[in-house]
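See structure below.
These numbers come from the heavy atoms of this one structure, side chains and all, not from hydrogens, waters or symmetry mates. In what follows, every chain begins at residue 1, and chains take the letters A, B, ... in the order their sequences are listed.
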Number of protein chains: 2
Amino acid sequence: MTALAFSEGLMDSRTLAASVNTNPVVIRRLVRGLRQAKLVETYAGKHGGAQLRRKPREISLLDIYDAVQRRPVIAINERKAWKHCAVSCHMKGIMSSVADGAEQAVRAHLRGITLKQLLRQIC
Amino acid sequence: MTALAFSEGLMDSRTLAASVNTNPVVIRRLVRGLRQAKLVETYAGKHGGAQLRRKPREISLLDIYDAVQRRPVIAINERKAWKHCAVSCHMKGIMSSVADGAEQAVRAHLRGITLKQLLRQIC
DNA sequence: GTATATGTAATTAAAACAATTACAGTTTAC
DNA sequence: GTAAACTGTAATTGTTTTAATTACATATAC
């Protein structure tokens with residue numbers, strides 16, 4: 001996303017992949033999430049590629065995180081509790097709220113950073 | 001750790017494993033980290049096991065997190081940068097500080113929760 | 001119509017993680 | 001002093017997750 005902001009235009013998945021040192025298909029899979037979140041628009045065909053739909057100043061890292069993230073910051077134990085153990089029976093609920101708090105803390109941090117800010121550190 | 005606080009004494013790895021629904025060896029591996037962090041003490045031999053070294057009120061979730069955690073909240077891309085791309089060359093540094101901020105946010109949250117507080121939600 | 005893109009499913013490979021086995025060392029109880 | 005019940009840890013195997021790659025249908029520019 002920083003590369004897209006930097007380029008100020010279309011970039012194809014091959015170039016983006018080179019920048020991250022991975023495979024174009026990996027990029028296209030991530031771009032799908034970003035497109036669904038309306039952060040980028042993509043074009044097929046010759047001279048196709050992806051570009052931002054909003055100004056870097058208007059895209060936060062939280063927007064990107066929500067668009068591509070899959071797993072929570074703190075995962076909770078999903079196994080069955082041991083019925084004879086009061087602690088075991090309560091832990092899922094207790095840890096869920098702990099994990100939720102951690103998630104919110106990270107989200108608040110990411111909400112405060114925009115692509116524009118990252119860009120300023122390069123230019 | 002909540003189970004140890006609840007029991008107010010020694011618990012063996014077999015019982016702890018039953019509570020978490022896993023294998024005793026998995027517990028013993030986690031306990032090693034907790035022991036190195038001086039959060040618990042363990043005893044070998046018959047009637048052995050683990051118990052807390054401090055009061056639940058004096059153990060924060062951050063203490064536990066530091067003792068057993070392995071991977072950062074946000075991992076950064078460790079691949080080689082693409083020399084011809086200014087963004088690629090700067091991203092590692094930029095993302096490191098973003099990841100660091102997220103880590104600090106989670107740590108601040110966990111620092112504010114003690115085992116005692118978790119215990120209160122059970123008793 | 002050919003070259004160059006994306007979109008996506010399917011497959012393979014790699015890495016991380018948990019489970020299990022095995023066994024040496026420790027402590028208790030008798 | 002020896003059997004029983006623990007911990008400590010290395011080694012192995014199995015499972016799950018993730019990334020990489022292949023394949024090909026579809027779209028667009030010229």
Return whichever of T42(A) or R71(A) has its heavy-atom-nearest nucleotide of DNA chain C closer to the 5' end. T42(A)
Taken to the nearest whole Å, CG/L10(B) to P/dA5(D) is 17 Å
Measure from CG on L16(B) to C1' on dC6(D) and round the result to the nearest Å. 13 Å
V25(B) side chain, from C-beta outward: closest of dT9(D), dA20(D), dT26(C): dT9(D)
Of K46(B) and A50(A), whose nearest nucleotide on DNA chain C comes first from the 5' end? A50(A)
Distance below 4.0 Å between R35(A) side-chain N/O and dG7(C) OP1 or OP2: yes
T15(B) OG1 to W82(A) CH2 distance, which is reported to the nearest 0.5 Å: 6.0 Å
Would you say dG7(C) has OP1 or OP2 under 4.0 Å from some side-chain N or O of R29(A)? no
Nearest 0.5 angstrom please: R120(A) CZ to L118(A) CG, how far? 9.5 Å
Within the distance-only criterion (no hydrogens, no angle test), does the side chain of S88(B) pair as donor or acceptor with the backbone N or O of S19(A) below 3.5 angstrom? yes
T2(B) side, atom OG1; I64(B) side, atom CD1 - distance, nearest 0.5 Å: 6.5 Å
Give, for atom CZ of R107(B) and atom CG of D66(B), the distance between the pair rounded to the nearest 0.5 Å. 4.0 Å
Applying a 4.0 Å non-hydrogen cut-off, can you work out what N23(B) is touching in the nucleic acid: base, sugar-phosphate, or nothing? base
5'-most contact on DNA chain D (nearest-nucleotide basis), G45(A) vs D12(B), goes to D12(B)
Straight-line distance of E41(A) CD to L10(A) CG, nearest 0.5 Å: 8.0 Å
Proximity to DNA chain D (any heavy atom under 4.0 Å), residues of residues 74-90 of chain B only: R79(B)
Please state whether the phosphate of dA18(C), meaning OP1 or OP2, lies under 4.0 angstrom from any side-chain nitrogen or oxygen of T22(B). no
Residue-phosphate contact under 4.0 Å: R28(A) side-chain N/O, dG7(C) OP1/OP2: no
To the nearest 0.5 Å, atom CZ of R14(A) lies from atom CD1 of I27(A) at 12.5 Å
